[in-house]
Structures are given as structure tokens and as C-alpha cells.
Amino acid sequence: MSALAKSYEPSAVEEKWYAWWLEHRHFLADPASPKPAYSLVIPPPNVTGVLTLGHVLNNTIQDILARRARLTGHEVLWLPGTDHAGIATQTVVERALRKQEKKTRHDLGREEFLKRVWQWKEKHGGIIIAQLKKLGCSCDWSRERFTMDTAYARRVQEIFVDLYHQGLIYRGKRMVNWCPVSLTALSDEEVIPKPQKGYLYHFKVEVIDQPDTFLEIATTRPETIMGDTAVAVNPRDPRYRHLIGKTARRPLPIENQATLPIIGDEAVDFEFGTGVLKVTPAHDKADYEIGLRHGLPMVDILNPNGTLNELAGEDFAGLDRFEARVEAVEKLRELGVLVKEEPYENNVGFSERTDVPIEPRLSEQWFLRYPRTAEARAAVRDGLIQFFPERWERVYDHWLENIQDWCISRQLWWGHRIPVWYRETNGTSPVRDQDRETSVLCQIDPPGEGWVQDPDVLDTWFSSWLWAHETMDEPTRKKFYPTSALVTGPDIIFFWVARMIMAGLEYMRDVPFRQVYFTGIIRDKQGRKMSKSLGNSPDPLDLIAKYGADGLRYGLMRIAPQGQDIRFDEQQIVEGRNFCNKLWNACRFRMLQGPVDPEANPFRHELSIFAKNLLSMLHEATCRIETGYANYRFSEIAQTLYDFVWSEFCDRFIEAAKADLGDPARKAGTLATTDYTLRRVLLLLHPFTPFVTEELWHGLGFGPGSVQFAGWPQAEEIAREPNAEAVFRAATLARTLRANYNIPSNRRLRWLVQPQESWVTAELAVLRALLNAESVEPVDGQPAGAAACPTEIGV
RNA sequence: GGGCAGGUAGCUCAGCGGUAGAGCGGCAGUCUUACACACUGUUGGUCGGGGGUUCGAUCCCCUCCCUGCCCACCA
């Protein structure tokens with residue numbers, strides 16, 4: 001290791017040390033360790049996913065916390081794993097099946113299809129794990145978990161059974177968000193509202209009891225007219241009040257122009273549209289409520305896949321919902337009841353996964369009334385759990401305050417099967433009887449002949465909400481639960497964070513984590529979210545290949561202020577790489593000066609003003625870094641290290657040392673200061689750039705152990721040395737003077753200084769080095785004919 | 001309709017009551033024997049607009065304008 005390459009070459013170094021860490025079992029967490037515990041659980045990525053920049057940010061932060069905790073003497077558990085990601089994974093496998101074999105999952109049947117998904121998981125499931133290793137993540141890989149592992153899956157079902165028997169899980173026919181593409185119900189959190197340009201269609205209906213009186217209705221969904229079962233107005237609306245109780249004629253379908261009651265309901269906003277509402281209880285949440293209040297029939301005119309059924313009438317049956325909209329408008333026009341179409345923009349709910357408009361649909365599903373909501377709110381309000389940045393606490397609280405029951409059943413095959421059994425009646429389909437006592441059993445094991453299991457599976461989050469404790473065995477929990485911190489994106493605060501808190505409180509009687517750090521979202525230079533379809537998401541693996549894992553990590557961390565969104569710019573990663581290279585070369589410089597003393601203690605030497613000043617700056621930087629960790633301000637830590645290493649250590653101290661090392665009186669102290677500082681810099685930097693620091697740690701002879709167990713440096717306070725600063729500023733002034741006279745920087749000059757104070761004379765050799773000068777000599781009075789400028793050390 | 005975050009040099013971001021900062025870029029010099037992934041010097045900003053508090057505001061208050069996000073059953 002005597003000859004370091006001229007520039008840092010990451011790839012071989014990274015591979016070598018990662019293998020070395022694994023070989024020495026450095027990432028394994030020992031529940032029996034006497035050291036204090038520090039623990040993290042990874043937010044499990046989708047098992048079939050690939051690494052994105054978001055993962056890089058998130059996992060770099062976790063790795064920084066884990067490595068820093070090892071340095072501060074903790075026993076660290078960073079528990080990794082993956083999520084089965086129900087809809088996402090099933091969709092991917094179905095797509096492949098359709099492409100390669102032209103088959104649907106129904107062609108294969110449930111059992112065979114699930115076999116295929118497992119095969120797919122075996123084949124693609126390891127990718128993201130391997131990528132995390134490339135990044136340098138120090139997870140305890142021996143504990144890798146998957147949300148469909150046998151033991152984990154068993155617990156998911158046990159918890160379902162428990163909540164069922166507590167009466168918190170129930171089945172009911174309710175209005176749910178239905179995805180016509182994946183053919184399943186979704187939770188409210190999986191629906192993304194998007195503004196859509198469309199039309200507000202005005203049409204009129206005749207009041208039957210008062211011929212020639214028409215009510216004008218405004219709607220964005222004329223294709224649901226066939227499912228209308230009432231017309232509603234606000235009972236306080238003087239325009240229409242008198243019509244309540246009368247009836248109107250529904251225009252569509254033409255062969256079945258039903259008679260609709262005109263009802264009064266407070267939910268109708270008379271400011272909106274015409275103040276008259278068509279009520280479609282089967283296809284709109286608000287209308288459903290009105291329907292319930294007035295005992296209206298619910299006419300479901302849609303098939304699960306979004307096409308209209310025979311109840312919509314012969315003109316519409318079989319049409320897709322959007323074709324039907326066009327057709328319905330056409331028919332209204334033909335009937336002469338279409339008044340106008342005005343351009344209109346409204347919010348339409350889209351499926352998060354398939355990106356198609358969801359359909360409010362009446363269907364029988366399983367719901368969970370959340371446990372421990374009050375405690376969950378209190379936990380955060382009372383500081384049992386701390387959020388960083390703090391502002392998310394209010395977002396969290398607001399959601400819990402208005403919490404709705406969670407639709408947990410999904411009409412998918414890939415996932416945890418609902419542990420509920422129905423008595424079989426005629427051997428074909430399960431009876432969905434409301435009477436639990438006689439025909440429904442909630443238990444994991446099959447109850448025997450005559451019972452069939454509910455075909456549905458559970459929402460993926462119903463398994464992930466147990467992640468913080470069900471991934472651990474008993475001794476591990478004892479040592480490591482609650483976890484120290486959770487690092488995740490604010491986009492899953494409801495999906496995951498809040499639910500995990502409730503699950504932890506319910507099943508562990510304690511919160512799952514003490515602190516939550518919410519990262520920012522990585523955007524492109526135009527501020528757009530990274531996405532596959534936009535193609536604006538660089539492949540982190542390419543970036544690692546180009547700049548090294550450390551360069552990527554460091555570059556990203558330096559621009560990621562606390563919880564603020566990040567505009568990604570590859571230039572930042574270039575700078576990360578350059579910084580690693582700078583550090584590399586600083587160490588190279590040191591190695592050229594002879595053997596390093598790992599035990600170096602500069603305080604036992606006579607020190608130059610430059611050494612003292614550097615040590616003072618080191619102390620300040622160490623303190624600032626300490627504060628940075630306490631507040632999860634990673635960019636501040638990275639920037640502090642950047643400034644210290646580059647400006648203070650390289651640009652100033654080393655440049656001055658080039659003279660001091662040639663001075664026998666100063667050499668020993670300067671070397672000791674260098675060794676002492678480098679050792680600390682490597683320790684402080686290791687969480688951010690683990691590979692290059694490990695390489696240099698050994699290269700400089702600080703080994704043989706890993707840098708990550710070498711202990712966190714204590715800051716030793718020492719006063720600033722203003723004289724050193726004065727010399728550096730004088731050098732800058734002198735260089736400016738030279739530049740102003742257009743003297744090329746390679747021309748060696750003779751400089752004269754009229755020392756202001758006696759100490760200055762002793763530093764002229766340093767000044768000569770800083771100026772790359774022929775000579776710097778003291779004079780007594782200003783020579784004529786020379787350019788000059790005043791400085792703090794003399795003219 | 002409510003709420004949150006942000007608008008500082010060409011770009012990415014610090015600063016958050018006391019004469020505007022960094023890196024990159026631009027420009028001009030340098031292969032000065034650790035580093036051209038570098039060194040030196042330099043050029044860039046009425047700190048989103050308008051009011052107010054203050055001896056003094058990028059920083060505090062009010063208001064407005066943009067951008068992004070979250071929540072909300074206005075068809």
C-alpha cells in the first residue's frame with residue numbers, strides 16, 4: 001500500500017472492502033451484546049423492484065446512521081428485506097404471462113399462477129438486494145426477511161384473526177374504490193386525485209306531475225344516468241323546494257325511462273351547477289349516502305371491468321364507460337334534452353398502480369377499524385416518537401383525527417389469503433352470508449369438509465404494518481425493539497408510518513421507533529418527479545460505475561437538506577467523486593512523507609501556528625457534525641466535512657506544511673498534526689463514504705481493524721490562531737497583486753515584506769511556499785519601484 | 001375549499017436581525033514536485049412583488065404573486 005494510484009479508482013476498492021466486511025461479519029447484530037443497541041428496519045422495497053435514486057437517498061441515510069452508531073460504540077441492527085407488493089408484482093407477472101404465453105392468470109388457475117409468481121420472485125427478487133450491497137449498505141443480511149415468508153405470513157393471518165375476534169375487522173357491502181383494470185378494491189390511500197379536463201353536461205328532465213316543467217341537471221358522468229334512482233335538490237332551495245315529493249322522468253335508457261322521485265337532501269349544494277343533482281347510489285360515494293338516507297334502490301349498471309351491463313339498456317350494454325359517455329350525450333341530444341356542454345375541469349381519482357380512473361363501486365369487502373388511534377396520536381403529540389422535520393407531525397395528526405376504516409381485502413391472488421371460511425352450500429360458490437355465527441369461521445387452519453376459504457387476499461400494507469416487530473425473533477426484540485429510527489419518504493406517512501405505530505402499540509405495547517426521519521423527494525432539474533415513463537430517472541448503478549458508490553452517496557447527501565425535495569443534478573455527483581479524490585490525494589501526500597503514526601498526538605509537540613489553527617478548526621467541525629447528527633441535518637455534516645477537508649486541511653494546512661515539513665523544528669509537530677487530523681477525518685467521513693475511508697484507513701496504517709469500529713473522535717478544544725489566518729490572507733492579497741499585474745502564476749518572484757510584528761519573520765518560509773515564490777525576504781522600509789499592498793502582517 | 005413547503009448569483013443550494021456565502025459554470029492565468037477529478041485570481045445577486053416593525057431586515061409581521069406537495073364526497 002505504499003504506492004497509491006494517482007487518482008482514486010472506486011470499483012476494485014468497493015468490491016474488496018464489501019467482501020471483507022461480510023467476511024468479518026461486521027454487519028451482524030448480536031442480541032447478546034453488552035453494547036447499547038441501535039436499530040433500524042429498512043422500508044422494504046418491492047421484491048421485484050430495481051434501485052432508484054429515491055432508494056439511494058433513503059438507504060444511504062440509513063447506512064450513515066448505522067455506521068455512525070457502530071462508531072459511537074453501539075450494537076447495530078439494520079434489518080433488511082423486501083415486500084411482496086401484491087398488485088405491482090401480480091401485474092408484472094400477468095403481463096409477462098400474456099406476452100410470453102398469451103395466457104391470463106385464469107387460464108393457469110390460482111395454484112399454478114402463484115407458482116409462477118414465486119418463480120418470478122426467485123428470479124428477480126434478488127436484484128434490489130444486490131444493488132443495495134453495491135451502495136455499501138451495512139445491513140445484517142443474515143436476517144433478510146420477506147413479507148411472504150412462512151413465519152411472517154402466519155403472523156399476518158394470526159393478527160387478522162385476532163382483530164376479527166376483537167370485532168375490529170368486519171365484512172360489509174360498502175362503496176369502495178374499484179380499479180377496473182386490476183379488478184380489485186383499493187384503499188382510499190391508493191387513489192390519487194388528478195385534475196381532468198372534461199365537460200359539465202346540462203340536460204333536463206320532465207317533472208311528471210307537472211307537465212312542461214323541466215328540471216335542469218348538471219353532470220360530468222352522463223353515462224351513469226341509467227343507474228339514477230332519484231333527483232335531489234336542497235330542501236332550503238326556494239327554486240325547487242316545492243317540487244320535492246313529485247317525480248321526474250329519467251331519459252335513459254330510452255326503452256326504460258323510469259320514474260324518479262324528487263327528493264330533498266342537505267348534501268345538495270345549490271350553488272353548484274343548476275342546484276339539481278342526479279342521484280346514482282351505486283356509482284358515487286356521495287350519492288350512495290343520499291341513497292341510504294332515502295332508501296333508494298341501488299342500480300349497478302357496471303361490470304367489474306368498467307363496461308356497462310344489461311341494466312344499462314340495450315344501447316349501452318357492453319360499451320366501455322368512456323364510450324358510453326359519448327353515447328349517452330348523443331342520445332340526450334337526440335331526445336332534445338341536452339341543454340349544453342360546458343368545458344369543465346374536475347378531480348378524478350386514479351389508481352396509483354394502474355393509472356386509470358377508479359370507479360366507486362358497491363361491493364362486499366373486509367374492513368378494519370383501526371386499533372389504538374388515540375394512543376397513536378398521543379405517542380407523537382407527547383414526543384414518544386419524534387418526527388424530523390417536525391411539520392409532518394401535524395399531517396400525521398390530522399389524518400388520524402379524521403381516520404376512516406381501512407378496506408383491507410383485495411381481489412388478487414398474490415398476497416396473504418384472508419383466513420376466513422364459509423360453509424359450502426351447493427358445492428360451487430361460497431355463500432356470503434352476513435350471519436357469522438353459523439356460516440363464517442375466522443381461523444387460519446381449514447375447518448374441514450364443507451368449508452371454502454374466502455378467495456381474497458389482504459392489502460400489502462396489512463402485512464407491512466407489522467414489519468417493525470414481526471421481522472424479529474424474541475431475543476432480537478428484547479434487545480432492539482423499539483427501533484431507534486425509521487427513515488422513509490413522507491409519501492408513505494399514512495400507508496406505513498401511521499399504521500406501523502398503531503400495530504406496534506397494539507401488539508408490542510410500545511411504539512415501533514423513537515424517531516422518524518422523512519427524506520425529501522428526488523426530482524429532476526425541471527422539478528418533475530423521477531419516473532420511469534418520463535425516462536428522467538438516472539440508473540443509480542450507472543452512476544456508481546461512473547463516480548463510485550462513495551461519490552454518489554456523498555454528492556447526494558451534500559445536496560439533501562433536511563426533508564426538503566431535491567433537484568437532482570449529475571454535477572453534484574461529479575463533485576462527490578472529486579471530493580473522494582481530493583481526500584485520496586491528501587492521504588497520498590501524507591504517505592510520501594514517511595510512515596504514519598497511528599497514535600500521533602500533536603498536543604505533545606511544539607506546534608506551528610498553522611497546526612494549532614487546523615486543530616482548532618477540526619474541533620469546531622467536530623462539534624458542528626455532532627449537532628448535525630442530533631438534528632438529522634446530513635447536508636450540513638457533509639458540507640462541514642467538505643469545507644474542512646478541502647479548504648482548511650488541503651488548501652491551507654498542507655500548503656503551509658510543505659514549508660514546515662522542511663523545518664526540523666516544526667517537522668515532528670506538523671506530521672503529528674497531519675496524522676491526528678487524517679485519522680479523525682476518516683472516522684468522521686466514514687458513515688458518508690465508507691469505501692474510500694476504509695481503504696485509506698488501512699493504507700495509512702490505522703488498521704488492521706475496520707474503521708467503523710474505531711470509535712468516534714472526541715473533539716479537543718484549542719483556540720484559533722489569528723496569526724495563521726493573517727498569513728493566509730496576506731498570501732491571497734499578494735496573489736491578487738500579482739494577478740493585477742498580469743504576471744503568470746508560473747513565474748517565480750521575489751517578494752519583500754516589511755514585518756509588522758516580530759513573529760512574522762519566522763513565517764516567511766511558509767509564505768514563500770504559499771506564493772510559489774523565488775524568495776520572501778524581510779525589509780526595513782519600502783523599496784522604491786516595486787508594487788505593494790498593505791496586509792495584516794506588514795506591507 | 002383548507003393546509004404545508006419553497007421562491008437568494010447562469011445552475012444546485014447555505015445563511016434566517018448587523019456591511020450578501022459555497023460549489024459548479026463563465027472569464028483570465030497555471031501541468032507550482034498529493035490531486036487538471038487540480039491550483040491561483042476574478043466576474044456574477046435592488047435575497048419573488050408591495051407594505052410594516054426596527055437605529056438597522058434576505059432574516060420578524062401583514063399582504064399579494066408564482067412553483068410544488070398534502071388533505072377535502074361539490075355532482
Side-chain angles (χ1 to χ4, degrees), chain A residues 4-8 175 188 192-193 200-201 217-221 224 232 267-280 284-290 344 346-347 349 360 389 391-392 394-395 398-399 401-402 490-491 493-494 520-521 523 525-529 547-548 551 555 558-561 563-572 574-593 633 635-636 639-640 642-643 646-647 650-651 654-655 657-658 731-740 742-748 769-773:
Chain A
L4 243 51
K6 198 168 174 183
S7 63
Y8 174 54
M175 208 48 150
D188 294 343
I192 317 286
L200 192 58
Y201 303 94
I217 300 176
T219 180
T220 54
R221 301 206 61 190
T224 62
V268 181
D269 178 357
F270 48 84
E271 306 268 303
F272 184 88
T274 57
V276 185
L277 175 69
K278 67 191 258 316
V279 185
T280 325
D284 184 280
K285 249 183 184 163
D287 290 8
Y288 173 70
E289 301 292 330
I290 295 175
Y344 185 68
N346 66 338
N347 276 327
R391 65 186 140 92
W392 296 111
R394 258 178 302 166
V395 176
H398 184 252
W399 184 73
E401 189 184 351
N402 301 292
D491 47 336
I493 187 166
F494 311 136
I521 309 234
R523 303 177 175 284
K525 279 192 92 167
Q526 285 112 64
R528 300 174 304 181
K529 218 169 157 169
Y547 307 111
R558 203 159 69 96
I559 54 161
Q564 219 64 63
D565 285 2
I566 295 143
R567 288 191 185 226
F568 181 76
D569 181 354
E570 193 165 322
Q571 181 57 38
Q572 304 296 328
V574 172
E575 286 173 35
R577 176 205 55 185
N578 293 355
F579 178 68
C580 292
N581 189 241
K582 189 72 183 176
L583 176 73
W584 178 264
N585 275 291
C587 293
R588 253 185 95 207
F589 173 80
R590 173 59 190 88
M591 286 164 76
L592 295 174
Q593 314 303 319
R633 303 190 73 113
S635 63
E636 223 166 273
Q639 189 58 40
T640 299
Y642 189 95
D643 290 342
W646 205 302
S647 308
C650 294
D651 290 351
I654 288 186
E655 290 309 318
K658 284 176 180 172
T732 300
L733 287 166
R735 289 171 187 145
T736 308
L737 185 67
R738 174 171 64 191
N740 287 345
N742 289 320
I743 301 167
S745 46
N746 62 345
R747 214 174 118 204
R748 300 188 150 230
L770 294 177
L771 294 174
N772 189 33

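Worth saying up front: this structure is predicted, and the values here are computed from it rather than measured.
In this structure, Ile290(A) and Leu277(A) have side chains that are in contact, with non-hydrogen atoms separated by less than 4.5 Å.
C61(B) and C4(B): their P atoms are spaced 13 Å apart (whole Å). Rounded to whole Å, the separation between the C1' atoms of U32(B) and G23(B) comes to 24 Å. Across A14(B) and G48(B), the matching P atoms stand 14 Å from one another, rounded to whole Å.
A38(B) atom C1' lies 14 Å from atom CD of Glu575(A), rounded to whole Å.
Ring-plane geometry between Tyr8(A) and Trp584(A) is classed as tilted, the angle between the planes lying from 30 to 60 degrees on a 0 to 90 degree scale.
For G41(B), the OP1/OP2 oxygens have a side-chain nitrogen or oxygen of Arg735(A) closer than 4.0 Å. For A38(B), one of the phosphate oxygens OP1 or OP2 lies less than 4.0 angstrom from a side-chain nitrogen or oxygen of Asn578(A). Arg633(A) has a side-chain polar atom (N or O) that falls below the 4.0 Å cut-off from OP1 or OP2 of G15(B). Of the side-chain N and O atoms in Thr736(A), one or more sit less than 4.0 angstrom from OP1 or OP2 of U42(B). For C24(B), the OP1/OP2 oxygens have no side-chain nitrogen or oxygen of Trp646(A) closer than 4.0 Å. Side-chain N/O atoms of Tyr201(A) include none lying less than 4.0 angstrom from OP1 or OP2 on A75(B). For the pair Lys6(A) and A38(B), the criterion of a side-chain N or O lying under 4.0 Å from OP1 or OP2 is not met. Residue Thr732(A) places at least one side-chain N or O closer than 4.0 Å to OP1 or OP2 of G41(B).
Between the Asn581(A) side chain and the Arg577(A) main chain, no donor and acceptor come within less than 3.5 Å of each other.
Looking at heavy-atom distances under 4.0 Å, Lys285(A) makes no contact with the nucleic acid at all. Residue contacts shown for Asn347(A) include a base, since a base heavy atom lies under 4.0 Å away. If you check every strand for non-hydrogen atoms under 4.0 Å, Ser7(A) touches a base. Glu655(A) comes within 4.0 angstrom of a nucleotide base, judged by non-hydrogen atoms across all strands. If you check every strand for non-hydrogen atoms under 4.0 Å, Arg748(A) touches a base. If you check every strand for non-hydrogen atoms under 4.0 Å, Cys650(A) touches a base.
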Show each protein N/O and nucleotides 1-10 of chain B N/O combination with a separation under 3.5 Å, one pair to a line.
unit_1 : atom_1 : unit_2    : atom_2 : d
A5(B)  : O2'    : Gln564(A) : NE2    : 2.5

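Pair check for U67(B) finds A5(B); Watson-Crick or G-U wobble, both atom distances under 3.5 Å.
Annotated as syn: G44(B), whose O4'-C1'-N torsion sits within 90° of 0.
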